Amino acid sequence: VIAQLLSVIIMAATGSSTVMFSPAVFLPRERVMATFFGRFLSQLSIFSIWSVYIIGVGIAVKGRTRKSKALIMAYSVWLVWKIFVAALGGLVPQSRPQAG
């Protein structure tokens with residue numbers, strides 16, 4: 001909810017239609033979705049990192065295990081998923097403007 005509220009406020013203030021809370025904001029816009037590195041960085045928002053932390057703490061409490069072990073498991077699964085999604089994004093053909 002906080003991420004959405006901040007996005008709406010920033011969109012209204014800047015007039016931009018896209019807002020990123022990830023390190024991909026430092027890449028040129030055309031490289032974000034064109035490269036694996038850009039697609040991967042675009043998924044590393046501070047809000048998603050925080051939500052995985054909360055999930056890891058919840059796993060530790062519910063599973064009665066050490067917090068460090070639960071966090072390693074949660075971040076490992078999340079990181080593998082993000083790599084998978086970034087790799088699959090390269091298989092989708094990019095739309096290019098047609099000359100004419």
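Here the structure is a predicted model, which is why all the values come from computation and not from measurement.
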Result block: side-chain N/O donor-acceptor pairs under 3.5 angstrom for residues 41-48, not counting sequence neighbours:
residue	atom	partner	partner atom	Å
Ser42	OG	Arg39	O	2.7
Gln43	NE2	Arg39	O	3.3
Ser45	OG	Phe47	N	3.2
Ser45	OG	Ser48	N	3.1
Ser48	OG	Gln43	O	3.4
Ser48	OG	Ser45	N	3.4
Ser48	OG	Ser45	O	2.9

Discussion item. If you count every heavy atom of other residues, nucleotides or ligands that lies below 6.0 Å from Phe37 atom CZ, does the total exceed 12?
Written reply: no

Worksheet entry | Non-neighbouring partners of Leu79 that pass side-chain contact (heavy atoms from CB on, under 4.5 Å), sequence neighbours left out | Phe40, Ile83

Discussion item. Please enumerate all residues that pass side-chain contact (heavy atoms from CB on, under 4.5 Å) together with Arg64, with sequence neighbours excluded.
Written reply: none

Item to complete: Grab the two heavy atoms, one from Ser7 and one from Phe21, that are nearest each other, plus how far apart they are.
Response: OG-CE1, 3.3 Å

Worksheet, complete the sentence: Thr14 meets the side-chain contact (heavy atoms from CB on, under 4.5 Å) criterion, sequence neighbours left out, with Ile10, Ser16

Practice prompt. Look at the side chain of Tyr75 and the backbone N and O of Ala70, then say whether any donor-acceptor pair between them is shorter than 3.5 Å.
Written response: no

Fill in: Heavy-atom closest pair, residues Gly38 and Ala24
O-CB, 4.1 Å

Response to the item:
Taken to the nearest 0.5 Å, the spacing of Leu71 CG from Lys69 NZ works out to 13.0 Å

Response to the item:
For Met73, the other hydrophobic cluster members (4.5 Å side-chain criterion, sorted by chain and number) are Ile55, Ile59

Worksheet item: To the nearest 0.5 Å, how far apart are OG in Ser51 and CD1 in Ile54?
Response: 8.5 Å

Worksheet item: Apart from Val1 itself, what residues make up its hydrophobic cluster when side-chain heavy atoms of I, L, V, M, F, W and Y under 4.5 Å apart count as a link, directly or indirectly?
Response: Leu5

Item to complete: To the nearest 0.5 angstrom, please state how far the CE atom of Met11 sits from the CG atom of Leu6.
Response: 11.0 Å

Item to complete: Only pairs at least two apart or in different chains count here, so list each ring pair (Phe, Tyr, Trp, His ring centres under 6.0 Å) that has a residue in residues 48-72.
Response: Trp50-Tyr53

